[in-house]
Number of protein chains: 2
Amino acid sequence: MRLTRYTDYALRVLMYLAAQPDQFCAISKISADYGISHNHLTKVVHDLGRLGFVQSLRGRNGGIQLARPASDITVGEVVRTMEDDFTMADCANCIIAPGCGLNPVLEEATNAFLAVIDRYTLAELCRSGTGFMTLFPAFHATRPTT
Amino acid sequence: MRLTRYTDYALRVLMYLAAQPDQFCAISKISADYGISHNHLTKVVHDLGRLGFVQSLRGRNGGIQLARPASDITVGEVVRTMEDDFTMADCANCIIAPGCGLNPVLEEATNAFLAVIDRYTLAELCRSGTGFMTLFPAFHATRPTT
DNA sequence: CTATACATGTAAAAATAATACATGTATAAG
DNA sequence: CTTATACATGTATTATTTTTACATGTATAG
């Protein structure tokens with residue numbers, strides 16, 4: 001029981017961007033900083049763009065930034081959107097599904113999980129400002145948006 | 001984000017046994033009833049035995065039954081035991097782990113999930129007695145323990 | 001016009017989970 | 001005491017899912 005790395009990466013990117021507001025960050029830099037596959041991250045970012053979480057700018061000096069304020073994006077919203085399935089058990093092929101008491105219980109539990117992460121925003125995860133950015137060996141402030 | 005089928009099968013077996021207390025059920029019958037791999041189920045059951053959930057009897061007329069009352073076994077206990085990892089994100093390889101605010105949030109959410117399933121016992125899942133047993137096409141009461 | 005950065009589809013590789021196979025051990029029945 | 005049945009257990013194969021790589025396209029700044 002765990003989130004896919006896809007969702008994990010999405011959260012990492014969003015935190016990265018939240019820690020550096022009003023900057024356009026290049027995917028290549030983010031992937032290098034985290035030590036992650038650039039290609040894979042590109043797709044994650046593309047999805048984040050498609051879903052309205054980030055805004056991207058092509059071409060030289062391009063990059064991505066949050067499309068909405070960090071204080072408006074909850075962890076729950078991101079996880080709900082990126083993770084495509086919250087069915088804890090695959091009842092489709094189970095013969096007792098119609099009379100099974102387990103599934104409602106698992107649903108209730110899943111809702112409790114989501115309710116917690118719905119209470120936290122990206123801004124709260126990065127409460128210490130650019131604090132965690134200094135953990136990157138090659139950290140140096142990127143250029144501000146002109 | 002879902003339970004492994006291994007855990008799923010474990011729960012199905014336990015519900016099956018809870019619905020027919022004081023019966024020794026053969027794995028071959030359970031696997032046939034659910035339409036599940038007999039070999040795979042054997043390993044699940046073996047684990048359930050090793051962990052003290054079921055009691056098995058070898059040889060002719062052998063089978064398995066609950067080792068503890070159904071009202072004493074919670075869904076949470078089963079899931080916690082069968083599912084080996086509740087780490088929602090793999091922080092081991094993430095450079096910002098030391099300053100990351102995400103993990104505590106995911107932990108809190110996971111605990112909320114587990115807290116819910118801790119509240120339900122096998123007996124409660126089978127509140128309607130052998131009700132769901134009739135869903136098996138070949139259902140007929142098995143012999144009682146002598 | 002060229003270098004850079006995102007966009008996007010396809011394919012391969014890796015990791016994980018599920019299943020099959022083979023063989024061993026225990027027990028009841030005849 | 002022999003045989004049929006049912007659990008025990010290790011190894012190997014298959015299937016599924018996830019992750020990564022590759023190739024090529026499009027947009028923009030300088």
Side-chain angles (χ1 to χ4, degrees), chain A residues 1-10 12-13 17 23-32 34-51 53-65 67 82-85 87-90 92-94 142-143 145-146, chain B residues 1-10 12-13 17 23-32 34-51 53-65 67 82-85 87-90 92-94 142-143 145-146:
Chain A
M1 184 174 139
R2 73 169 31 182
L3 302 175
T4 62
R5 213 163 289 185
Y6 202 81
T7 304
D8 181 7
Y9 288 174
R12 291 200 211 177
V13 167
L17 299 177
Q23 314 274 334
F24 273 96
C25 303
I27 297 177
S28 54
K29 183 163 189 317
I30 302 176
S31 67
Y34 276 117
I36 286 177
S37 153
H38 175 250
N39 292 283
H40 198 206
L41 202 62
T42 296
K43 297 194 176 177
V44 174
V45 166
H46 177 234
D47 262 9
L48 287 173
R50 195 172 53 76
L51 297 163
F53 291 111
V54 308
Q55 193 169 23
S56 66
L57 203 65
R58 286 184 175 189
R60 260 200 193 185
N61 298 336
I64 57 175
Q65 68 176 12
M82 303 300 285
E83 205 79 2
D84 49 30
D85 191 5
T87 314
M88 298 305 288
D90 180 20
N93 300 309
C94 183
T142 41
R143 70 199 130 56
T145 311
T146 51
Chain B
M1 184 173 138
R2 75 166 32 179
L3 302 176
T4 62
R5 213 163 290 184
Y6 201 80
T7 303
D8 182 7
Y9 288 174
R12 290 199 212 178
V13 167
L17 299 178
Q23 313 275 333
F24 273 94
C25 303
I27 297 178
S28 54
K29 181 161 191 318
I30 303 177
S31 66
Y34 278 117
I36 285 178
S37 153
H38 175 251
N39 293 283
H40 197 206
L41 202 61
T42 297
K43 299 195 176 177
V44 174
V45 166
H46 178 235
D47 261 10
L48 286 174
R50 195 172 52 76
L51 297 164
F53 290 111
V54 307
Q55 192 168 23
S56 65
L57 202 65
R58 287 184 174 188
R60 256 199 196 190
N61 297 337
I64 57 175
Q65 68 175 13
M82 303 300 285
E83 204 80 2
D84 49 31
D85 192 4
T87 314
M88 297 306 286
D90 179 20
N93 300 308
C94 182
T142 42
R143 72 201 128 57
T145 310
T146 50

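Here the structure is a predicted model, which means the values were calculated and not measured. Proteins get letters first, then strands, A, B, ... in listed order; numbering begins at 1 in each.
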Open item on the list: Looking at A:Ser56, I'd like to know whether one of its side-chain N or O atoms comes within less than 4.0 Å of OP1 or OP2 on C:dA7.
Closed with: yes

Task: Separation of atom CE in B:Met82 from atom P in C:dA17, rounded to whole Å - done: 13 Å

- [ ] Quick one: label A:Gly63 by what it contacts on the DNA or RNA (base, sugar-phosphate, nothing), any heavy atom closer than 4.0 Å.
- [x] sugar-phosphate

Open item on the list: Under 4.0 Å, counting only non-hydrogen atoms across every strand here, what does B:Ser37 touch: a base, just sugar-phosphate, or nothing?
Closed with: sugar-phosphate

Which atom pairs link the protein and nucleotides 11-13 of chain D when you take only N or O atoms and keep those under 3.5 Å?
from, atom 1, to, atom 2, distance (Å)
D:dT11, O4, B:Lys43, NZ, 2.4

Open item on the list: I need the NE2-C1' distance between A:His40 and C:dA13, as an integer number of Å.
Closed with: 13 Å

Open item on the list: Which residues pass the side chain to side chain contact (heavy atoms under 4.5 Å, CB included) test with B:His38, not counting sequence neighbours?
Closed with: B:Ile27, B:Ser28, B:Ser31, B:Thr42

- [ ] Just jot down the side chain to side chain contact (heavy atoms under 4.5 Å, CB included) partners of A:Thr7, sequence neighbours excluded, or say none.
- [x] A:Leu3, A:Thr4, A:Leu11, A:Val79, A:Met82, A:Glu83

TODO: Hey, can you tell me if B:His40 and B:Tyr9 have their rings parallel, tilted or perpendicular (30° and 60° cut-offs)?
DONE: perpendicular

Task: Closest-nucleotide 5' rank along DNA chain C - winner of A:Arg5 and A:Thr42 - done: A:Thr42

- [ ] Could you tell me which residues satisfy salt bridge (Lys or Arg N to Asp or Glu O under 4.0 Å) with A:Asp85, sequence neighbours excluded, listed by chain and number?
- [x] B:Arg2

Task: A:Met1 or A:Ile27, whichever maps to the more 5' nucleotide of DNA chain C - done: A:Ile27

Task: Close side-chain approach of B:Val45 and B:Ser56, heavy atoms under 4.5 Å - done: no

Task: Residue mapping more 5' on DNA chain D - nearest nucleotide basis, A:Asn39 or B:Val45 - done: B:Val45

TODO: Please report, rounded to the nearest Å, how far the C1' atom of C:dT19 is from the OH atom of B:Tyr34.
DONE: 19 Å

Using a cut-off of under 3.5 Å, enumerate the N/O to N/O pairs linking the protein to nucleotides 27-30 of chain D.
from, atom 1, to, atom 2, distance (Å)
D:dA27, O4', A:Arg58, NH1, 3.0
D:dT28, O2, A:Arg60, N, 3.4
D:dG30, OP1, A:Asn61, ND2, 3.4

Task: Pairs meeting criterion salt bridge (charged side-chain N to carboxylate O under 4.0 Å, His left out) with involvement of residues 37-47 of chain B, two or more places apart - done: B:Asp47-B:Arg50

Task: Interatomic distance, B:Ile64 CD1 vs C:dT27 C1' [rounded to whole Å] - done: 17 Å

Task: N/O (side chain, A:Tyr9) to phosphate O (OP1/OP2, D:dT18) under 4.0 Å - done: no

TODO: Quickly work out the B:Asp47 CG to C:dA17 C1' distance and round it to whole Å.
DONE: 14 Å

